[in-house]
Amino acid sequence: MKRIVGLLGWLGVVLVLAAVALRFTRSDLQSWSQGLAIAGLVVTGLYALTQWRDIARSFQGRNVRYGSITAGSVVLFLGILIGINWISNRQNKRWDLTAGGQFSVSDQTRQVVTALDKPVKVTVFHDTGADEVYRDKLDEYAYLSPEVSVEYVDANRDPARAQGAGVQALPTILFEYEGRTERTTAADEQSLTNALKKVVLGQAKKVYFLQGHGERDSSSSNPDGYSGITADLANDNFEVGTLSLAQTGKVPDDATVIVSAGPTADLLPGELDLIKGFLSRGGKLLLLFDPDTPDQRSSPASLIGLASQWGIKVGNDIVVDASGLGQMVGAGAETPVAMPVSHPITANFRLFTAFRLTRSVVPVEGGADGHVAQTFLESSPQSWAETDIKGLYASGQPKEDLDGGDSPGPISIAAAVSAAAPDAPASDSPDAPKPETRIAVYGDSDFATNRYIGVPGNGPIFMNTINWLAQQENLIAISPKAAENRPLVMTQDQQSLVRWLAMLIIPGLLFANAVRVWWRRR
């Protein structure tokens, strides 16, 4: 009988320990954890009742004092645990201690999630035992906003629900927001955030690349093409198309942003009128010019004049940077490295951008027709705007000549302007932002090509500009990054050292120590 009673005590301890283990290792078995904890406490209570004589004896004589101290220590310890649990349930805090921020979300994800004002339900249909793969990232989404709720469904154990949701592959992550749904089969942050943006924003906005005037090819995968930035636009919930105004005779009704990337021929008068009408109705325009060459004028005068009417002066020059920063991208002084200037486009932007052969783009002092532009990118103080283009091309040796008309740095190479759009149609949604006409101008179109999109800031600054033009300021931030690959790279000598250490030196030292111990004992 005493042996059975003694087993009760050990059984209670085992049940409590099992409950604690489930509590911290299997979040999907919390009901089992709670049941085991209650059973453990009940068994422990029964064991305590069978030992009432020993408990009563412990309160006699000197044992009372020691028992009181022990009991007080136990009560204090339990009180501390309860207090920590109470605080942790109400003041949740997470730290990412990995070197590359593996478990931290990007600025854009943080902005999108924290801006949610209505519930978003995320349902993860996964394979048996594979839910832990997605919890680390999705728990961070739920941690950032109380509007995000995440549910994990084992598709093998609940096939009816998976079939009802139209799940055809595992994993499938389903986002639901205000009756709209969006799904993805990838669990990386880029795919998750893109799916979240699509379901929250609803219908994608349309970006048209102007064609017919020597512009960059938005679908070309050649080094000078724009296929890379087009893919980024699609990932950011934009639809991309091409527009030939000479053929259509109008700007499509679904156009949000028109992009003219590196035009070399001038627009027809009717085409320019169509763009002006589009702007008067609250349209958005992105102009990417290139510097003129000694042989020909690269940029159309009509679009340069349009930019001037909106308070942005496009200089007939080439920005030269003598700071040596261009060496970071394997280029020389003809490729200035630009840093952001305070503007909504560059909010929280901390990356450098590189522009091969760019011209100056400077806000007109005092504005034009009430339009006051702002710089958002400029070159280093060691740069200047070279006006002698023929001499620069002929000698290949840039030299600053302020008396000859060169402008000292820093030089503005990108500017933007916005204004109210009186002719814009009324929006059906009361929550929609007030329509504005917005224009952004760059002095270079190379920076967004496939050749230079790999420069850390080139792609993000282009996407930030498009989001600002589309009046989606909440999406202006650094986009989600791919998981960082951190390989261990060793030289041949280092590899040989590791091999000898593992196979000979360390085992040899252990064997020698064993021989030494044996010899001493002998």
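The analysis underlying the following values was restricted to heavy atoms, covering all of them including side chains, and did not include hydrogens, waters or symmetry mates. Just so you know, these numbers come straight off a predicted model, no measurement behind them.
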Engineer: What's the shortest heavy-atom distance between V240 and L233, and which atoms?
Structural biologist: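 Closest approach of V240 to L233, heavy atoms only: CG2-CB, 3.8 Å.
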Engineer: Under a plain distance cut-off of 3.5 Å, with no hydrogens placed, do R438 and S418 share a side-chain donor-acceptor pair?
Structural biologist: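 There is no such pair (donor and acceptor under 3.5 Å, judged by atom type) between the side chains of S418 and R438.
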Engineer: Please check if atom CD in Q163 has more than 12 non-hydrogen atoms from other residues, nucleotides or ligands closer than 6.0 Å.
Structural biologist: no
Engineer: Tell me whether K121 is salt-bridged to E151, with the criterion being a basic N under 4.0 Å from an acidic carboxylate O.
Structural biologist: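 Answer for the salt bridge query: yes.
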Engineer: Has the side chain of R183 got a donor or acceptor atom that lies under 3.5 Å from a matching backbone atom of A165?
Structural biologist: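 Indeed, once roles are kept as given, a pair shorter than 3.5 Å links the two residues.
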Engineer: H343: which residues meet the ring-ring contact (aromatic ring centres under 6.0 Å, His included) condition with it, sequence neighbours left out?
Structural biologist: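 H343 satisfies ring-ring contact (aromatic ring centres under 6.0 Å, His included) with F376, W468 once adjacent residues are dropped.
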Engineer: Applying the side chain to side chain contact (heavy atoms under 4.5 Å, CB included) criterion to T353, which one of L377, V455, I413, V337 satisfies it?
Structural biologist: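 Between T353 and the candidates, side chain to side chain contact (heavy atoms under 4.5 Å, CB included) is satisfied uniquely by L377.
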Engineer: Pair T256, Y208 - check side chain to side chain donor-acceptor pair (under 3.5 Å), show working.
Structural biologist: CA-CA 8 Å; T256 301; Y208 282 98; over 6 Å; no
Engineer: What pair of heavy atoms forms the shortest contact from T465 to A440, and how long is it?
Structural biologist: CG2-CB, 3.7 Å
Engineer: So, for A416 and I345, which heavy atoms are closest and what is the spacing to 0.1 Å?
Structural biologist: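 Closest heavy-atom pair between A416 and I345: CB-CD1, 4.2 Å.
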Engineer: Just wondering, do V153 and H126 contact through their side chains at under 4.5 Å, heavy atoms?
Structural biologist: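 Side chain of H126 against side chain of V153, heavy atoms only: no contact under 4.5 Å found.
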Engineer: For F125, what residues pass the ring-ring contact (aromatic ring centres under 6.0 Å, His included) criterion, not counting sequence neighbours?
Structural biologist: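 Expected list: none.
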Engineer: For T123 and Y152, which I'm curious about, is there any donor-acceptor pair between the side chains at under 3.5 Å?
Structural biologist: no
Engineer: Would you confirm whether E215, through its side chain, and H213, through its main-chain N or O, come within 3.5 Å as a donor-acceptor pair?
Structural biologist: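 At least one qualifying donor-acceptor pair exists.
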Engineer: Quick test of your reading of the model: are R451 and D224 salt-bridged, counting only N-O distances below 4.0 Å?
Structural biologist: yes
Engineer: Would you please classify the geometry between the F462 ring and the F447 ring as parallel, tilted or perpendicular, with 30° and 60° separating the classes?
Structural biologist: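 Plane angle between 30° and 60°, so tilted.
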Engineer: Using 0.5 Å steps for rounding, measure from the OG1 atom of T264 to the CG atom of D290.
Structural biologist: 9.0 Å
Engineer: Hey, are the side chains of L286 and I466 touching, using non-hydrogen atoms and a 4.5 Å cut-off?
Structural biologist: yes
Engineer: Any side-chain heavy atom of Y226 sitting closer than 4.5 Å to one from D217?
Structural biologist: no
Engineer: Does a side-chain heavy-atom distance below 4.5 Å link L116 with V200?
Structural biologist: yes
Engineer: Do D321 and S380 pair up side chain to side chain, a donor and an acceptor below 3.5 Å, judged on atom types alone?
Structural biologist: yes
Engineer: So, do I258 and L243 sit near enough that their side-chain heavy atoms are less than 4.5 Å apart?
Structural biologist: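 Contact flag for I258/L243 side chains = yes.
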Engineer: Taking the side chain as every heavy atom from C-beta outward, state whether L303 and F289 have any pair of such atoms under 4.5 Å apart.
Structural biologist: yes
Engineer: Atom CD1 in I229, atom CG in D232: separation rounded to 0.5 Å?
Structural biologist: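 It comes to 4.5 Å.
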Engineer: Can you name the closest pair of heavy atoms from F175 and T184 and give their distance?
Structural biologist: CE1-CG2, 4.3 Å
Engineer: I'd like to know if the side chain of S379 and the backbone of A338 have a donor-acceptor N/O pair within less than 3.5 Å.
Structural biologist: no
Engineer: Would you say that L210 contacts V259 through its side chain, given a criterion of any heavy-atom pair below 4.5 Å between the two side chains?
Structural biologist: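 Sidechains of V259 and L210: no contact.
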Engineer: Atom CD in E189, atom CG in L138: separation rounded to 0.5 Å?
Structural biologist: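 Those atoms lie 10.5 Å apart.
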Engineer: Measuring only between side-chain heavy atoms, which start at C-beta, is D444 closer than 4.5 Å to L288?
Structural biologist: no
Engineer: Are a donor atom and an acceptor atom from the side chains of N450 and S227 found within less than 3.5 Å of each other?
Structural biologist: yes
Engineer: Determine whether a donor-acceptor pair (N or O, by modelled atom type, separation under 3.5 Å) exists between the side chain of T346 and the backbone of V341.
Structural biologist: yes
Engineer: Got a donor-acceptor contact below 3.5 angstrom from the S412 side chain to the V361 backbone?
Structural biologist: yes
Engineer: Is atom CD of Q168 surrounded by more than 12 heavy atoms (other residues, nucleotides or ligands) closer than 6.0 Å?
Structural biologist: no
Engineer: Tell me whether K118 is salt-bridged to E147, with the criterion being a basic N under 4.0 Å from an acidic carboxylate O.
Structural biologist: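 No, this pair does not count.
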Engineer: To the nearest 0.5 Å, what is the distance between CD on Q471 and CD on E436?
Structural biologist: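 CD of E436 is found 5.0 Å from CD of Q471.
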Engineer: Under 3.5 Å, is there a donor-acceptor pair linking the side chains of N194 and N237?
Structural biologist: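 Note: N194 and N237 side chains miss the donor-acceptor criterion.
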Engineer: Give, for atom CG of L279 and atom CG of L274, the distance between the pair rounded to the nearest 0.5 Å.
Structural biologist: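 So the CG of L279 and the CG of L274 are separated by 11.0 Å.
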Engineer: Side-chain donor-acceptor pair under 3.5 Å between T114 and S145, yes or no?
Structural biologist: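 No, because no side-chain N or O of T114 sits under 3.5 Å from a partner of the opposite role on S145.
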Engineer: If you measure from CZ on R356 to OG1 on T335, what distance do you get to the nearest 0.5 Å?
Structural biologist: 7.0 Å
Engineer: Report yes or no: do T449 and D446 form a side-chain donor-acceptor pair below 3.5 Å?
Structural biologist: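 Looking only at side-chain atoms, D446 and T449 do not form any donor-acceptor pair under 3.5 Å.
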Engineer: Show the nearest heavy-atom pair for residues T230 and S218, with the distance to one decimal.
Structural biologist: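 Distance-wise, the nearest heavy atoms are OG1-O, 2.7 Å.
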